[in-house]
Structure formats: structure tokens, C-alpha cells
Amino acid sequence: GAIRRTCSPKASRPPTRSTCTDCFMNSILQCLSNTHDLRDYCLRNTHRTDLNNNSRAKAALMEEFAKLTQTLWTSASSEAISPSDFKMQIQKYAPRFVGYNQQDAQEFLRFLLDGLHNEVNRVTVKPRSLMEDFEHLSDDEKGKRMWNKYLESEDSKVVDLFVGQLKSTLTCSECGFCSTVFDPFWDLSLPIAKTSGEVSLIDCLRLFTKEDVLDGNERPTCHRCKTRRKCTKKFTIQKFPKILVLHLKRFSECRVRTSKLSTFVNFPLKELDLREFASDNSVNAVYNLYAVSNHTGTSLGGHYTAYCRNPCTGEWYTYNDSRVSPMSSSQVRSSDAYVLFYESATSSRL
């Protein structure tokens with residue numbers, strides 16, 4: 001029968017454990033299964049109405065993801081659940097996840113969300129891309145038009161939840177001409193300042209949005225000067241998503257090998273206020289944390305776990321492959337935090 005909309009006692013306990021050697025996959029699946037609106041989308045079978053009519057045969061990934069989410073939340077058994085059917089489907093969609101190699105959790109998240117989005121995209125026939133001139137419009141109007149243009153071909157529940165819009169401003173140092181570009185984003189990859197002490201998440205966001213000087217070979221062509229000029233480039237957030245995914249760039253490619261930064265990034269569990277990074281300061285840009293994907297170990301080998309806040313009870317749990325245990329919210333911050341999941345405070349239940 002239909003699953004009740006309210007949290008039944010069974011559904012309000014932590015989801016049943018999942019077991020698999022792919023800890024990167026388990027960690028992200030637990031974070032997503034604790035994403036309130038995505039969880040309900042699966043529990044209520046709403047995804048069925050969105051499954052692309054012209055690719056129902058190809059919609060196996062969304063079906064397996066929904067089935068796994070339903071099993072995690074409604075199984076009466078305390079036995080660990082194997083996501084092997086789901087794994088088979090994600091491997092078909094993204095062959096890079098075949099086998100048992102160490103993989104990157106953030107890359108896996110991107111592939112998974114992209115796969116789910118494609119299968120429940122409300123746009124079944126994508127329009128031909130026509131070049132439109134938005135240069136005469138105000139930045140605000142241009143951002144809205146660019147967002148609507150994106151939705152003309154990419155429109156799904158996954159986009160409703162996870163996609164925001166980034167504004168990139170390029171200013172010519174010679175004539176002062178300002179050009180803007182608006183791009184959708186699924187997550188933000190934040191650089192970590194190299195320091196011996198701790199940094200705050202706001203420090204990382206300031207580093208991500210700080211003005212960059214483009215000179216030398218990087219010089220872009222100024223639209224007004226019609227020649228390559230030294231320019232400054234700056235990012236701001238034009239449209240904030242309901243679910244904001246922040247990826248901390250702990251792995252850096254050196255010439256010889258990949259190294260890992262184990263800097264402690266101090267992030268708030270409640271009321272992360274991002275108005276200083278907004279294109280327009282009047283927007284509502286306050287977020288609460290509900291899940292973290294952690295990476296312990298080095299760049300050569302390591303282990304992924306997840307810390308998630310139950311969307312019904314507000315209690316935090318730690319997920320370590322087939323082991324699930326309650327935890328204190330004071331333990332959530334650690335130098336292993338790798339991918340942070342925040343939900344907009346306006347849609348937050350707690």
C-alpha cells in the first residue's frame with residue numbers, strides 16, 4: 001500500500017544499514033537517503049509520474065535508487081542491506097564505477113545525481129539551442145532569462161532540489177567594461193587555505209569568491225576594447241539551491257602524486273549565513289547542515305563514512321558501511337569532513 005506521509009515509528013528510526021565494499025558509494029547513498037525531499041519523492045513513489053515516458057525502459061537507475069531508499073526506510077529487518085542491484089545500474093550508467101577500486105565520493109555524487117536527473121527530466125524533447133542576446137538586460141533579468149533557458153532542457157525534481165546559479169563577473173582593467181556570465185551549479189568545490197591551524201567554512205567560501213586577476217596568457221578579450229586585456233574575475237551566487245552541496249578540495253594534484261589536506265575546516269551545523277556571497281543581499285541564504293561524507297586516510301587509500309541527521313527526529317547517526325550508531329552533534333565536525341550537505345533554513349524541518 002501507499003506509504004504514509006507522516007513519519008511512522010518505523011520510518012523515524014535511522015535507515016537500515018547498507019553493506020558493500022564500496023564505502024564511497026555507501027557514504028553518499030546515506031547522505032542522499034537522509035535528504036528529506038528526495039527521500040519522500042522515493043517513499044511516495046512520486047518519481048514514477050516523472051519517469052521519462054520516452055525512456056521508461058532506460059529508467060532503471062531511478063527505480064533502483066527509489067527501491068533502495070524505500071528498503072532503507074521501511075525494512076523491519078535489522079539486517080544490513082546490500083545495494084548490489086543499484087550498483088549494477090550505476091555501473092551501466094557510469095562504467096568507471098565497475099570493480100572495487102578506490103573512488104571519489106564527490107565524483108560519484110555528481111554522476112549519480114546526473115543519472116537520476118536524466119531519467120526523471122520533465123523535458124522529453126529538448127529545444128534547439130538558439131543564440132539569444134541578453135547583453136542589453138540588467139544582470140538580474142539576464143540571470144532569470146539564463147535560468148529559464150536552462151530549465152527549458154533540464155527540469156526535474158533533482159534540479160528543483162540541488163541546482164543553483166553562479167554569476168561570474170569579468171571587469172576590464174583598461175576600460176572598466178563589465179561582462180557577466182550565469183552558469184548552473186550542482187555543488188561548489190571550495191579551496192582550503194593552506195595553514196597549520198584551522199580555517200572556517202566562510203574562509204573557504206571567501207577564497208572561492210575572491211577577485212582573481214587574469215593577466216598574461218589568461219587575459220580574456222574585452223568586448224568593448226575588442227582585444228585581450230588584463231581583467232578581474234569574481235564569483236557570486238545568483239540563485240541559491242534548496243540543497244547546497246559543498247565539496248572541500250582536500251585532494252590536490254602535485255607533479256608526482258596526489259596529496260591530501262587534513263586541515264580542520266570549522267563549519268556551522270545551524271544557520272550558515274551566505275548573504276555576503278549573494279549577488280543580491282536581500283535574498284534568503286541561510287542553511288542548516290544535515291549530512292557529511294567523511295574521508296579518513298590518505299590519497300593512496302582511505303575509507304568513507306557518513307554522519308547524517310535523521311529528517312524526522314533530528315538525531316545524528318554515524319554510518320560506517322554496515323554499522324549504524326547514534327552520535328552527538330558535537331562530534332559532527334572533524335578534519336575528515338569532505339562533502340557537506342546543507343538544506344535551506346526556510347525548508348528545514350528542524
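Just so we're clear, the structure is a prediction, and the values are computed from it rather than from any experiment.
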According to ring-ring contact (aromatic ring centres under 6.0 Å, His included), who are the partners of Phe177, at least two apart in sequence or on a separate chain?
none
Under 3.5 Å, is there a donor on one side chain and an acceptor on the other for Glu343 and His36?
no
Look only at the side chain of Gln165 and the backbone of Phe182, and say whether a donor-acceptor pair between them is shorter than 3.5 Å.
no
Taking Leu261's backbone N and O only, do any of them form a donor-acceptor pair with Arg250's side chain (distance below 3.5 Å, no angle check)?
yes
Determine the interplanar angle of the Phe208 and Phe235 rings, folded into 0 to 90°, and report it as parallel if under 30°, tilted if 30 to 60°, perpendicular if over 60°.
parallel
For Thr46 against Asp40, the heavy-atom pair lying closest together:
OG1-O, 4.3 Å
Looking only at atom types and distance, does a side-chain atom of Lys126 sit under 3.5 Å from a main-chain N or O of Val123, one as donor and one as acceptor?
no
Indicate whether the side chain of His295 and that of Lys260 have a donor and an acceptor atom separated by less than 3.5 Å.
yes
Do Asn266 and Arg333 have side-chain atoms, one donor and one acceptor, less than 3.5 Å apart?
yes
Report yes or no: does Asn310 contribute a side-chain atom to a donor-acceptor pair with the main-chain N or O of Glu315 at less than 3.5 Å?
no
Do Asp139 and Gln238 have side-chain atoms, one donor and one acceptor, less than 3.5 Å apart?
no
Between Ser27 (side chain only) and Phe24 (backbone N and O only), is there a donor and an acceptor less than 3.5 Å apart?
no
Would you tell me whether Thr35 and Tyr290 have side-chain atoms, one donor and one acceptor, within less than 3.5 Å of each other?
yes
Can you tell me which residue pairs pass the salt bridge (Lys or Arg N to Asp or Glu O under 4.0 Å) test with a partner in residues 187-199, sequence neighbours excluded?
Arg110-Asp187
Within 6.0 angstrom of Lys142 NZ, more than 12 heavy atoms from elsewhere:
yes
Give a yes or no answer on whether the side chain of Arg44 reaches the backbone of Tyr41 with a donor-acceptor pair at less than 3.5 Å.
no
When you measure from the side chain of Tyr304 to the backbone N and O of Ala105, does any donor-acceptor pair fall under 3.5 Å?
yes
Hydrophobic clusters here meaning ILVMFWY residues chained together by side-chain heavy-atom distances under 4.5 Å, can you tell me if Val286 and Leu272 are in one?
no
So does Cys42 get a backbone contact from the side chain of Arg48, meaning a donor-acceptor N/O pair under 3.5 Å?
no
Indicate, with yes or no, if the rings of Tyr338 and Phe251 have centres closer together than 6.0 Å.
yes
Polar side-chain atom of Asp22 near backbone of Met25 as donor-acceptor pair, under 3.5 Å
no
Check: Asp183 side chain, Leu166 main-chain N or O, donor-acceptor pair, under 3.5 Å:
no
Can you give me the closest heavy-atom contact between Cys222 and Cys225, atom names plus distance?
SG-N, 3.3 Å
Is it true that Asp212 and Lys233 have a side-chain N and a carboxylate O under 4.0 angstrom from each other?
no
Counting only heavy atoms from other residues, nucleotides and ligands, does the tally under 6.0 Å from NZ of Lys242 exceed 12?
no
Side-chain ion pair, Lys149 and Glu152, N-O less than 4.0 Å:
no
Will you find, in the side chains of Asn294 and His303, an N or O donor that is under 3.5 Å from an N or O acceptor?
no
Do Ser156 and His117 have side-chain N/O donor and acceptor atoms under 3.5 Å apart?
yes
Less than 3.5 Å apart, any donor N or O on the side chain of Asn118 or Tyr93 sitting next to an acceptor on the other?
yes
